[in-house]
Amino acid sequence: METKLMPADTAFMDKLTALCKRRGFIYQSSEIYGGIGGFWDYGPLGVELKRNIKNQWWHDMVTNPPPGPDGHEIEMVGVDCSIIMNPKVWEASGHATGFADPMVSCRTEGCKGLFRADKVFFVRALSAEAMTRLREASRDAENIRPKFALETAIEADSIEEARELAGDAIGAAARKANIEDLKKARVTKLPEGEITKAANEGVTLASLSVESMKSGIAYAVFVLPCLADTHPARPCPRCGSPDSLTEPRQFNLMFESHTGALRDDASKVYLRPETAQGIFVNFKNVLDTTRVKVPFGIAQAGKAFRNEVNPRNYTFRSREFEQMEIEFFCHERDSMQWYEFWRKVRYDWYVNLGLKSEKLKLRDQTDKELAHYSNACADIEYLFPFSDEHQELEGVAHRGNFDLTQHAKFSGKDLTYFDDEAWERDKANFGGDKEKERAAKTAEPYRFLPTVIEPSAGADRATLAFLCEAYTEDQAPDEKGVMQTRVVMKFHPKLAPTKVAVFPLVNKEGMPDIAAALYKDLKKYMTAFFDTKGAIGRRYRRQDEVGTPFCVTVDGDTLKDGTVTIRDRDTLQQIRVKKEGVLEWVRGRLGR
RNA sequence: GCGGGUGUAGCUCAGUGGUAGAGCGUCACGUUGCCAACGUGAAUGUCGUGGGUUCAAGUCCCAUCACCCGCUCCA
């Protein structure tokens, strides 16, 4: 029986990484110099696998995309943009600022927690006496942490959420300790301008105009963002140690370089952290130089670079990686339909190429996860063996017109789309009134900024997922009939690095010549492999280990009737076909 | 970035301060008759890297790098 190893299994990853090294799929970058963190190389078989994945994506999404929701053909074109772009691109996209996450860490031994500073909030009360009572009450209350740290810091996605969590925690503490006036504590919204004032010790009720304090509330509690320009005691949200957080430190995740010989600020450039911006920046070029009409998509596959704080998990979080991205431009009114379309198309793509197990998951992002400009986003996730949680392979995002708006603003160029078809259809309705026509042509529904659906996939993550999914150990008999463990990479034939291997059964009686001639014929059309050495069983097993789906063997019967055997990797079954028919037979199985 | 662990042949790993090892794999020759055959032979190591202690270091100490696990992060 076939057995699949279970997730969260480091033994599985050890076996897979050993196989990838041994058989030339993946090597550590710069290995003879001790390696370099977060960078990986693909070997002879790895490059075939990854290229097959990229080519299949390009084929299935760009040159032969599926029909759209209405059953009509969809328009897709490609670009291949430079990795280094005008630095203003990254100002417009938000990466120059947004991509640099300020971090704080805890100085306390045994904790040393690391947090994103924009997700840490300090909970404070308006007087030292109130603060002390709150602390004591929350100390007595069990099960409050980690939602509400013992002292006065809290982790949350937003100040609103922090306020909610703090309120819940104080309420629970008050009930538990049965402190009447504490039950009346309110977590208040602090007016923007008063945050700084409030941060200072000794602030009085009278100096604040907090609305909820007007009637009968014993304590007012408020929440300060860690990033605000304040210097309160900085307790750790995890261990609760007072004043133990560092000042926020910037982690810039973009790689920098310089153009030209002078290394000054004016010459500073960035290696792109995503390929998407090259597409947006070329939106107008593509419109002006091809005959595409909205809705249509532009695709790009290429390298991207992120200076990850902590690269981990084999090739999953590399600092240099490859993306396969589509920006699909449509009218806002149709956008959810297109979003649903791409969400399904992209999920099905992985399934159809072999990620069939329950490990593949399509997950809709929650409202909290969504970027502020995004209406919807779905992650296609895979349960990798190194994790007990699903990890993102691809995100399908409804980005609104955020990106085009930003680039229009920062470049000063008009990036709107004019719908010629709709105009030709409707213009008679304006009765030849030039003024009305002129006005109509500058606005909806004839001129608009397209909405974007972005299916953004990681080529290296997909490659790793296909490797993990393919790795299988099963039992097959050896020549004595004893069952032996067999390692098989069950790649979909379309993705397999080698499509077919050709062997003479034995290395004599003219079999090698016939096999060699067949091999030479096949390799004109597909990756093929030829081997005359050693026992046939060993040659089969070697091909199993690199996932070759078909092995063709020239044997004694070939000499008599011109047929050869084709052996199937997964079933071990053999069939006989005329040697002239092998090419057609295999191509039929490759689906092209 | 913090803590713990690991690092010896292509892979998996032994190796008590005193000659660098095994299994598998690879290669050559012979053999070969459909699922990890057999025989004979061979190649492959700056023991992650750099310092230090010692008559002597794979082994002890320090530093550093990489990987793994946990924390954390992933616009």
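A, B, ... follow the sequence lines: proteins, then strands. Residue 1 opens every chain.
- Residue contacts for A/Asp568: at a heavy-atom cut-off of 4.0 Å it reaches no nucleic acid atom on any strand shown.
- Screening A/Val546, A/Asp544, A/Thr548 against A/Val488 for a side-chain contact (heavy atoms from CB on, under 4.5 Å) leaves a single residue, A/Asp544.
- With a 4.5 Å cut-off on side-chain heavy atoms, A/Val452 and A/Phe328 do not count as touching.
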Quiz prompt | Trace of the side-chain contact (heavy atoms from CB on, under 4.5 Å) decision for A/Leu559 with A/Ile514 | solution = CA-CA 9 Å; A/Leu559 306 174; A/Ile514 298 170; 3.5 Å; yes
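- Heavy atoms of A/Lys508 sit under 4.0 angstrom from at least one base atom.
- Closest contact between the side chain of A/Gln28 and the listed nucleotides B/rC35, B/rG33, B/rC67 involves B/rC67.
- Counting atom types as modelled, A/Arg312 pairs a side-chain N or O with a base atom of B/rG70 as donor and acceptor under 3.5 Å.
- Heavy atoms of A/Glu31 sit nowhere under 4.0 angstrom from any nucleic acid atom.
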Exercise. Assess whether side-chain hydrogen bond (donor to acceptor under 3.5 Å, both in side chains) is satisfied between A/Tyr540 and A/Thr553, documenting all intermediate values.
Key: CA-CA 10 Å; A/Tyr540 286 152; A/Thr553 302; 2.8 Å; yes
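- Nucleic acid contact class of A/Gly43 (heavy atoms, under 4.0 Å, all strands): none.
- Rounded to a whole angstrom, the distance from the P atom of B/rG15 to that of B/rA22 is 15 Å.
- Closest to the side chain of A/Tyr540, out of B/rC35, B/rA28, B/rG33, is B/rC35.
- Of the two residues near RNA chain B, A/Thr532 and A/Glu392, the one whose nearest nucleotide lies more 5' is A/Thr532.
- Between B/rG18 and B/rC60, the distance separating the two P atoms is 11 Å to the nearest Å.
- The A/Asp555 side chain lies nearest to B/rC34 when the options are B/rG10, B/rU32, B/rC34.
- Across every strand in view, B/rC24 sits in a pair with B/rG10 that passes the Watson-Crick or G-U test at under 3.5 angstrom.
- Residue A/Asp14 is out of contact with every strand shown, counting any heavy-atom pair closer than 4.0 Å.
- Rounded to whole Å, the separation between the P atoms of B/rC62 and B/rG3 comes to 14 Å.
- Within 4.0 Å (heavy atoms only), A/Gly556 reaches at least one base atom of the nucleic acid.
- The nucleotide B/rU46 finds no pairing partner, because no Watson-Crick or G-U wobble arrangement with both distances shorter than 3.5 Å includes it.
- Ranked by how close their nearest RNA chain B nucleotide is to the 5' end, A/Lys21 and A/Phe39 are led by A/Lys21.
- Side chains of A/Arg567 and A/Gln543 form no contact here, defined as non-hydrogen atoms less than 4.5 Å apart.
- A/Asp555 and A/Arg576 are joined by a salt bridge, as a carboxylate oxygen and a charged side-chain nitrogen come within less than 4.0 angstrom of each other.
- Nucleic acid contact for A/Leu572: base, since at least one base atom lies under 4.0 Å from a heavy atom of the residue.
- With distances taken from any side-chain atom of A/Glu509 to the nucleotides B/rG10, B/rA37, B/rG33, the minimum falls on B/rG33.
- Pair assignment for B/rC29 gives B/rG39, based on Watson-Crick or G-U wobble hydrogen-bonding distances that are each under 3.5 Å.
- Counting only heavy atoms from C-beta outward, the side chains of A/Tyr471 and A/Leu19 approach each other to under 4.5 Å.
- With P as the reference atom, B/rA9 and B/rC47 are 10 Å apart, rounded to whole Å.
- Taking the C1' atom of each, B/rG51 and B/rC11 are spaced 31 Å apart, rounded to whole Å.
- Nucleotides B/rA42 and B/rG4 have their C1' atoms positioned 43 Å apart, rounded to a whole Å.
- Rounded to the nearest Å, the gap between the C1' atom of B/rA14 and that of B/rA20 is 12 Å.
- The aromatic ring centroids of A/Tyr42 and A/Phe25 lie 6.0 Å or more from each other.
- Residue A/Ala18 is in sugar-phosphate contact alone, with no base atom involved, counting any heavy-atom pair closer than 4.0 Å across all strands shown.
- Distances from the side chain of A/Trp40 to the nucleotides B/rA75, B/rC67, B/rU32 place B/rC67 closest.
- Considering only side-chain atoms of A/Arg542, the nucleotide from B/rC35, B/rU26, B/rC11 that sits closest is B/rU26.
- Among the protein residues, A/Thr565 comes within range of the nucleic acid bases, having at least one heavy atom under 4.0 Å from a base atom.
- A heavy-atom distance below 4.0 Å to RNA chain B is reached by none of the residues of residues 319-327 of chain A.
- For A/Leu505, the side-chain atoms get nearest to B/rC34 when compared with the rest of B/rC11, B/rC34, B/rU32.
- Within 4.0 Å of A/Arg567, counting heavy atoms only, lies at least one base atom of the nucleic acid.
- The base of B/rC65 has none of its N or O atoms less than 3.5 Å from a complementary donor or acceptor on the side chain of A/Tyr33.
- The line from CG of A/Asn282 to CD of A/Glu327 is 12.0 Å long, rounded to the nearest 0.5 Å.
- For B/rG21 and B/rU32, the C1' atoms lie 33 Å apart once the distance is rounded to whole Å.
- More than 12 heavy atoms of other shown residues, nucleotides or ligands fall within 6.0 angstrom of atom NZ in A/Lys361.
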